[in-house]
Trainee: 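Starting off with a structure, shown below.
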Amino acid sequence: MTAYRKLSIKMKMFLMIMFMMAFIIILAFGSLYYTYSVYDKQLFDKSSRLLNLSSSTVDVELQKLEALSLNMISDTQIQRALKSLLDDNSAYSSFIERKKITDRLWEHISGAARYVQSVHLIDSRGRVNKYGETLTVSQEKYDRMIAAAEQANGAVRWLYPDDDDPMLVMVRQVRAYEPMTLEPVGILFLRINIERLVEEYAGIDSQDSDIILKAGSDVVYPYRQLPEAVSAGLNPLPGSGGYEIKNLDGREIFLSQKKSAYTGWVYYNMASYDEIFERIIWLKNILIVVYLIAILVVLALGMVFARSLTRPIRQLISQMKEVQYGDLENIDANLSIPTHQHMDELGLLQRTYRMMITHINTLIKENYASQLVIKETEFKALQAQINPHFLYNALDSIHWLAKKNRQEQISSMVLSLGYLLRSSISFKQNIITIAEELEIVNHYITIQTYRFRHRLDFRMDVPASYLGCAIPKLTLQPLLENAIQYGLEPQVGSCLIRVYAEISGGKLALIVEDHGPGMEPEYVEQVLRGEVKTRGTGIGLLNIRERVRLAFGEEYDVLLESKPGLGTRVTVLLPPPSPGKEEKLWEDGCE
């Protein structure tokens, strides 16, 4: 894992593509081999259905032959004729009875299938009564037929094709039914052309047949057309059926089989495995070649894709190193050169980075120019300090002249005016204590009291525990000025103006309230949007709100409430007092 983390993005992308290709190839070959297995199963199902149909058809016909033989041996005329031949020794009578047997055999066999070559009935004296093809068999086979019939005790026995007779032979013993003595009176055997039976009823040509019928080691069908090596390799599987792939006579054979429930014979269906899967094997080889080519193409495309991703990243790292070394002039020149880039995420990242560096460089230049302007302004401010000092000295002279002539009102107003002047043009502190702000308020109210006298009813109630809290400079004085202009001046009688403090919602609320005429809701909305031009010092409500938010954060604000006839209330929300901090501010303010 550590080694993987140290790899470059290009190598990680390359490895990811390799793993994806390996996964796709494994999935594809797995699907291919699964398809082979499905194809094998379908082939087995098709072969099994073909075998079921063929075996069922052949078994049905063999069962019909067994029923036909039963009809023959139970025929009343044949039974009487056989018993007569058993008891009567005259030649003429024997001839007549054999003629009756031959006629009845003809009647039975004429309506039977064409695949019955001949029917033979041997009486108790060993004479053969037959109908159909004449065939001389060896004494050895004749003896085998007689022995098989006698051993079966009336049941059907089969003799398979051989060199003496290529026909399938069915033999059974004939016994007396009337009366029911079951005394042997003869032997019946039918010669069956199994090839014609299979051809006509299973729909298969023996020359192109892929069906084989075996009884143990004996080949029932097709006789003399199956190589010995193939016949020897056909062995039944456990159970009633199945399939396997075997090498027979040098060829790969797909072999399915089914065991007959009637005769116990095994039906085989052979198909050349190479011929069946030749196209699939060819397709598999083509797929392997296609996959190899696809791997090479994907790897090449993957390397190109990974390089296209990592090239802008490397360029971005190089540019960042130049910024790290402080070479902004060169990086700015390089960034200004038009480059062809894609508008993907990396392209947007490079574009944003170039814009950021350009903006930073512009800000640096602007900041440098601003510093020069500030220095120049400070120098000019030092030169202009003589003007406020001259004004202070003039007001101080007026104050002492008024004191000398015992003009206390003039002296107090000039003293308050000088204090307000010093406070308004002093830029040493932007944040002061509430105590310092209230000192400015007191001097302002002193001047306004001499102006409005008994009409101005000013009250201030700020607990001493809040005096050390911080407040932006000149926050309350503009609010009091607005209260006087919009609350006191429009009315003839006196107007109560209050300044008080309380804790509200975990914040210190400093409230300026007047009992003036108030304002309409629409006018209040205009004031809050800054659409009303102030007539006072030029410091409006939005200015105070912005300075409070800049000083303490967005959660602190200035609220305006007013209703017609009920006056106006302005609430300044400030940070609440905390132990230690306010005491230090209070001490600094007192100094």
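Quick caveat: nothing in here was measured; it's all calculated off a predicted structure.
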Trainee: Atom CG in L62, atom CG in L168: separation rounded to 0.5 Å?
Mentor: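 Interatomic distance, L62 CG to L168 CG, rounded to 0.5 Å: 7.0 Å.
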Trainee: Kindly write out the residues that satisfy salt bridge (charged side-chain N to carboxylate O under 4.0 Å, His left out) with R144, not counting sequence neighbours, or none if the list is empty.
Mentor: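 So R144 forms a salt bridge (charged side-chain N to carboxylate O under 4.0 Å, His left out) with E140, D162.
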Trainee: Which heavy atom of R172 sits nearest a heavy atom of V156, and at what distance?
Mentor: NH1-CG2, 3.6 Å
Trainee: State, with a plain yes or no, whether a side-chain heavy atom of I212 is found less than 4.5 Å away from one of Y221.
Mentor: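 Result no, sub-4.5 Å side-chain heavy-atom pair not found.
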Trainee: Taking the side chain as every heavy atom from C-beta outward, state whether N193 and L197 have any pair of such atoms under 4.5 Å apart.
Mentor: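 Contact flag for N193/L197 side chains = no.
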Trainee: Should I192 and M167 count as side-chain neighbours, where that means a heavy-atom distance under 4.5 Å?
Mentor: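 Contact flag for I192/M167 side chains = no.
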Trainee: Indicate the atoms forming the closest heavy-atom contact of D59 with A261, along with that distance.
Mentor: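 Residues D59 and A261, closest heavy atoms: OD2-N, 4.4 Å.
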Trainee: Mind checking whether L573 and V548 have side chains closer than 4.5 Å, heavy atoms only?
Mentor: no
Trainee: Taking all non-hydrogen atoms of both residues, which atom of Y556 and which atom of P576 are closest, and how far apart?
Mentor: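 Closest heavy-atom pair between Y556 and P576: OH-CD, 4.2 Å.
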Trainee: Using a cut-off of 6.0 Å, state whether more than 12 heavy atoms not belonging to M20 lie near its atom CE.
Mentor: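 For M20, atom CE is not crowded (no more than 12 foreign heavy atoms under 6.0 Å).
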Trainee: Side chain to side chain contact (heavy atoms under 4.5 Å, CB included), that's the test. Do L121 and I187 meet it? Break it down for me.
Mentor: CA-CA 6 Å; L121 181 59; I187 295 175; over 6 Å; no
Trainee: Report yes if the side chains of V171 and L188 come closer than 4.5 Å at any heavy-atom pair, otherwise no.
Mentor: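 No, their side chains stay 4.5 Å or more apart.
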Trainee: Treating T263 as the side-chain partner and S260 as the backbone partner, does any N or O pair qualify as donor plus acceptor under 3.5 Å?
Mentor: no
Trainee: Does either side chain, that of Y160 or that of D165, offer a donor lying less than 3.5 Å from an acceptor on the other one?
Mentor: no
Trainee: Rounded at 0.5 Å granularity, tell me how far CG in L528 sits from CG in L559.
Mentor: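 It is 9.0 Å, given to the nearest 0.5 Å.
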Trainee: Run L213 and V219 through side chain to side chain contact (heavy atoms under 4.5 Å, CB included) and show every step you take.
Mentor: CA-CA 6 Å; L213 178 59; V219 177; over 6 Å; no
Trainee: Considering residues at least two apart in sequence or located in another chain, which fulfil the salt bridge (charged side-chain N to carboxylate O under 4.0 Å, His left out) criterion with D557?
Mentor: R545, R549
Trainee: Please walk me through it: do M72 and V119 pass side chain to side chain contact (heavy atoms under 4.5 Å, CB included)?
Mentor: CA-CA 10 Å; M72 289 180 182; V119 56; 3.8 Å; yes
Trainee: Within the 4.5 Å heavy-atom criterion, are V169 and L190 side-chain neighbours or not?
Mentor: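 No - every pair of side-chain heavy atoms lies 4.5 Å or more apart.
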Trainee: Kindly compute the distance separating CE (M145) from CZ (R191), expressed to the nearest 0.5 Å.
Mentor: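 If I round to the nearest 0.5 Å, the distance is 9.0 Å.
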Trainee: Answer whether the closest heavy-atom distance between the side chains of Y268 and K214 falls below 4.5 Å.
Mentor: yes
Trainee: Is there side-chain contact between S69 and M170, with at least one heavy-atom pair below 4.5 Å?
Mentor: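 They are in contact (side-chain heavy atoms under 4.5 Å apart), so the answer is yes.
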Trainee: Which value, rounded to the nearest 0.5 Å, describes the distance between R104 atom CZ and D75 atom CG?
Mentor: 4.0 Å
Trainee: Nearest 0.5 angstrom please: I211 CD1 to K258 NZ, how far?
Mentor: 12.5 Å
Trainee: Would you call the rings of F189 and H120 parallel, tilted or perpendicular if under 30° counts as parallel and over 60° as perpendicular?
Mentor: parallel
Trainee: Quick check with a 6.0 Å cut-off and a 45 degree axis cone: is K259 positioned over the face of Y267's six-membered ring?
Mentor: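 Because its charged atom misses either the 6.0 Å distance or the 45° angle limit, K259 does not stack over Y267.
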Trainee: Listing request: all side-chain hydrogen bond (donor to acceptor under 3.5 Å, both in side chains) pairs with a residue in residues 147-156, at least two apart in sequence or in separate chains.
Mentor: N153-R175
Trainee: Can a side-chain donor-acceptor contact be found between D143 and Q139 if the only test is distance below 3.5 angstrom?
Mentor: yes
Trainee: Please report the interatomic distance CD(Q173) to CD1(I122), rounded to the nearest 0.5 Å.
Mentor: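 With rounding to 0.5 Å, CD (Q173) is 11.5 Å from CD1 (I122).
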Trainee: Are any side-chain N or O atoms of K100 and backbone N or O atoms of R80, one a donor and one an acceptor, separated by less than 3.5 Å?
Mentor: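 No, K100 side chain to R80 backbone: no donor-acceptor pair under 3.5 Å.
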